Protein chains: 4
Amino acid sequence: MFIKIDLTSDVPIYVQIKNAIIEGIARGELKEGDSLPPIRQLAEDIGVNMHTINKAYNLLKDLGFITINKKYGAVIQVEGFNGAFMESLKEELRPIITEAFVKGMDRDAFIKLVEGIYDDFGGRRNE
Amino acid sequence: MFIKIDLTSDVPIYVQIKNAIIEGIARGELKEGDSLPPIRQLAEDIGVNMHTINKAYNLLKDLGFITINKKYGAVIQVEGFNGAFMESLKEELRPIITEAFVKGMDRDAFIKLVEGIYDDFGGRRNE
Amino acid sequence: MFIKIDLTSDVPIYVQIKNAIIEGIARGELKEGDSLPPIRQLAEDIGVNMHTINKAYNLLKDLGFITINKKYGAVIQVEGFNGAFMESLKEELRPIITEAFVKGMDRDAFIKLVEGIYDDFGGRRNE
Amino acid sequence: MFIKIDLTSDVPIYVQIKNAIIEGIARGELKEGDSLPPIRQLAEDIGVNMHTINKAYNLLKDLGFITINKKYGAVIQVEGFNGAFMESLKEELRPIITEAFVKGMDRDAFIKLVEGIYDDFGGRRNE
DNA sequence: GTGGTCTAGACCACA
DNA sequence: GTGGTCTAGACCACG
């Protein structure tokens with residue numbers, strides 16, 4: 001698994017790592033039951049501190065994408081979406097859509113954009 | 001114009017203000033050519049520091065929603081979307097969509113969510 | 001507010017701090033709306049590292065006892081209990097009660113113990 | 001005896017095993033004088049390391065639920081509760097009750113919860 | 001002046 | 001060998 005960090009980004013490193021791992025699941029490179037690398041190893045691999053990886057893993061745990069135990073480390077195990085997730089999704093989405101709308105981007109153009117991203121994960125099923 | 005700030009949110013206040021103003025444009029409460037309130041006044045109205053309002057206005061300017069000049073202050077003037085905007089939109093959208101996909105939300109369900117938000121601004125045109 | 005840490009305890013320091021603060025609320029020394037000390041100040045006061053306090057505050061936030069914002073820092077704001085809380089409460093309680101039962105402590109004796117602790121917070125209301 | 005381990009729980013495995021055995025006594029499935037399975041066998045049965053079982057058995061011994069000798073292995077022999085037990089019980093219970101109280105759960109509701117758990121072991125006596 | 005992020009490096013509990 | 005905790009000390013974003 002290859003994670004590329006942009007140190008100049010204003011997105012915190014641990015969030016970038018979180019996103020990269022979820023992206024890895026979406027792409028099918030990481031499957032349910034797979035173990036993520038040990039925090040210290042991944043830290044060395046991508047050249048950041050152990051604590052930063054730790055924070056990313058714990059965030060993934062809180063978001064329901066992995067479980068953590070001392071035997072197998074961090075293991076992919078995705079909780080399905082629920083009402084709370086839908087709510088937070090909507091709240092994240094709303095200001096983005098509003099900006100696009102105000103800038104004159106119509107609904108169909110926006111949906112096309114969404115479809116384009118979805119198609120990247122196209123044939124895959126997450127089970 | 002009524003802006004409600006949620007101090008408990010982890011969205012920075014100046015971003016909340018920015019979002020509220022764009023939302024105001026989307027809802028038709030603010031139109032091209034309208035002036036935003038003077039910084040001091042808005043700061044007092046919603047009970048935050050002038051500095052914070054200033055930051056929000058500057059962000060709106062950078063995003064192409066207003067112009068700022070000494071004479072008229074902050075005036076709504078929306079730049080249409082361009083390639084750079086599309087790129088940043090995609091970058092914002094991607095991790096959100098990826099999470100939804102991995103959690104088992106399919107494309108159509110996501111699109112329905114998008115449509116729901118778009119419909120809030122329904123019949124309006126921004127000109 | 002006075003927090004006493006037992007460095008020899010196997011309860012992590014940040015958990016001890018969390019417990020002490022909840023205890024402070026229960027005793028009425030901390031009320032809704034009160035700000036907790038800034039993390040660095042409390043860290044110095046009780047002689048632990050800033051990060052340990054930070055962890056305690058974030059845990060309290062996750063548990064629904066405080067909110068955190070940059071303006072007022074950590075502010076007491078208690079979420080009422082819900083189903084999820086009841087479940088975790090039951091799971092915590094079960095092994096404790098089971099031990100007591102097996103050791104021959106009957107229901108009434110156990111309840112008396114509970115009442116004794118409740119009475120420490122007796123006349124108070126948390127609103 | 002059937003012990004189910006939850007690797008995703010943050011309760012250590014050896015504590016889960018300890019709890020399960022005490023629960024077995026409470027339910028009457030294990031009685032005074034009964035032998036627990038040999039360490040190796042139980043380790044194999046539930047798929048954990050011998051070391052972990054050993055730790056659980058030693059904990060049970062320290063808590064006064066079993067005796068361990070070379071001839072008969074681990075044998076259920078429950079010490080009645082004493083002052084020290086009461087003290088540790090109180091210390092465990094206090095933060096749990098405090099959280100419940102602060103979240104607005106009143107004494108009677110809490111006691112009802114306790115009674116519900118006690119009733120699971122209802123008509124039984126441990127002798 | 002507040003919390004948030006990150007680093008470097010140590011020790012410990014659990015498996 | 002795994003994650004968890006803790007420390008000391010730095011820099012940054014937000015208000």
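All chains are named by letter (A, B, ...) in the order of the sequence lines, taking the proteins before the strands, and each is independently numbered beginning at 1. This is a predicted model, so every value here is computed, not measured.
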Chemist: From the options E:dC14, E:dG4, E:dA10, select the nucleotide whose nearest atom is closest to the side chain of A:Arg40.
Modeler: E:dA10
Chemist: Report the residues that fulfil side chain to side chain donor-acceptor pair (under 3.5 Å) with A:Glu23, sequence neighbours left out, ordered by chain and then residue number.
Modeler: A:Arg27, B:Arg94
Chemist: Pairs in or reaching into residues 6-18 of chain D: which pass side-chain hydrogen bond (donor to acceptor under 3.5 Å, both in side chains), with residues at least two apart or in two chains?
Modeler: C:Glu99-D:Lys18, D:Asp6-D:Thr8
Chemist: Between P on E:dA8 and CD1 on A:Ile39, what's the gap in Å once rounded to a whole number?
Modeler: 15 Å
Chemist: Give the rounded distance in Å between these two atoms: CD of B:Gln16 and C1' of F:dG15.
Modeler: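 Taking atom C1' of F:dG15 as the reference, CD of B:Gln16 is at 13 Å.
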Chemist: Centre of C:Phe85's six-membered ring, under 6.0 Å away, within 45 degrees of the axis: is that where NZ or CZ of C:Lys90 sits?
Modeler: no
Chemist: Mind calculating the distance between CD1 (C:Ile53) and C1' (F:dC6) to the nearest angstrom?
Modeler: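 For the pair C:Ile53 CD1 and F:dC6 C1', the rounded distance is 12 Å.
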Chemist: Between the main-chain N or O of D:Gln77 and the side-chain N or O of D:Thr67, is there a donor-acceptor pair closer than 3.5 Å?
Modeler: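 Pair absent, no side-chain N/O of D:Thr67 close to backbone of D:Gln77.
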Chemist: Under 4.0 angstrom, heavy atoms only, what part of the nucleic acid is C:Lys70 near: base, sugar-phosphate, or nothing?
Modeler: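 Result for C:Lys70 = base.
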Chemist: Whole angstroms only, please: what is the CG-P distance between A:Asn58 and F:dT2?
Modeler: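 The answer, rounded to whole Å, is 17 Å.
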Chemist: What is the distance from NZ of D:Lys18 to P of E:dA15, rounded to the nearest Å?
Modeler: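 For the pair D:Lys18 NZ and E:dA15 P, the rounded distance is 13 Å.
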Chemist: Would you please test D:Leu93 and C:Leu93 for side chain to side chain contact (heavy atoms under 4.5 Å, CB included) and show each step?
Modeler: CA-CA 8 Å; D:Leu93 224 41; C:Leu93 225 41; 3.9 Å; yes
Chemist: Can you tell me which nucleotide in E:dT5, F:dT2, E:dG3 comes closest to the side chain of C:Met50?
Modeler: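 Looking only at heavy atoms from C-beta outward on C:Met50, the closest nucleotide is E:dT5.
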Chemist: For a quick test of reading the model, state the closest non-hydrogen atom pair linking B:Phe65 to B:Ile22 and the distance between them.
Modeler: CE1-CD1, 3.6 Å
Chemist: Dot-bracket for DNA chain F: what is it, with Watson-Crick or G-U pairs under 3.5 Å, [ ] where a pair crosses earlier ones, and | for a pair to another strand?
Modeler: ||||||||||||||.
Chemist: Please determine whether a side-chain nitrogen or oxygen atom of C:Asn54 lies at a distance below 4.0 Å from atom OP1 or OP2 of E:dG4.
Modeler: yes
Chemist: I'd like to check the side chain to side chain donor-acceptor pair (under 3.5 Å) partners of C:Asn69; sequence neighbours left out, ordered by chain and number.
Modeler: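 Per chain and number, C:Asn69 pairs via side chain to side chain donor-acceptor pair (under 3.5 Å) with no residue.
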Chemist: Taking atom types as modelled and ignoring hydrogens, do the side chains of C:Asn58 and C:Asn54 form a donor-acceptor contact shorter than 3.5 angstrom?
Modeler: yes
Chemist: Given the structure, check if the side chain of C:His51 and the base of F:dG9 hold any donor-acceptor pair shorter than 3.5 Å.
Modeler: yes
Chemist: Looking at every strand, decide which applies to B:Val48 at a 4.0 Å heavy-atom threshold: base, sugar-phosphate, or nothing.
Modeler: nothing
Chemist: Calculate the interatomic distance between C:Tyr57 atom OH and E:dT2 atom P; express it in whole Å.
Modeler: 11 Å
Chemist: Taking only residues two or more places apart in sequence, or in another chain, which ones meet C:Asn49 in a side chain to side chain donor-acceptor pair (under 3.5 Å)?
Modeler: C:His51
Chemist: In whole Å, what is the span from the CD1 atom of C:Ile5 to the P atom of F:dT5?
Modeler: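 Whole-Å distance recorded here is 15 Å.
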Chemist: Which part of the nucleic acid does B:Asn49 contact within heavy-atom distance under 4.0 Å: base, sugar-phosphate only, or nothing?
Modeler: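 Result for B:Asn49 = nothing.
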Chemist: Does C:Lys55 place a side-chain N or O at less than 4.0 Å from the phosphate oxygens OP1/OP2 of F:dT5?
Modeler: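 It does, given that an N or O in the side chain of C:Lys55 lies less than 4.0 Å from OP1 or OP2 of F:dT5.
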Chemist: Rounding to an integer number of Å, can you tell me how far C:Glu44 CD sits from E:dG1 P?
Modeler: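 For the pair C:Glu44 CD and E:dG1 P, the rounded distance is 14 Å.
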Chemist: If you assign D:Thr52 and C:Ile68 each to the DNA chain E nucleotide with the nearest heavy atom, which residue ends up on the more 5' nucleotide?
Modeler: C:Ile68
Chemist: Do any N or O atoms from the side chain of A:Lys103 and from the backbone of B:Glu79 form a donor-acceptor pair under 3.5 angstrom?
Modeler: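 Between the backbone of B:Glu79 and the side chain of A:Lys103 there is a qualifying donor-acceptor contact (under 3.5 Å).
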Chemist: What parts of residues 6-15 of chain C reach DNA chain E, counting only heavy atoms under 4.0 Å away?
Modeler: none
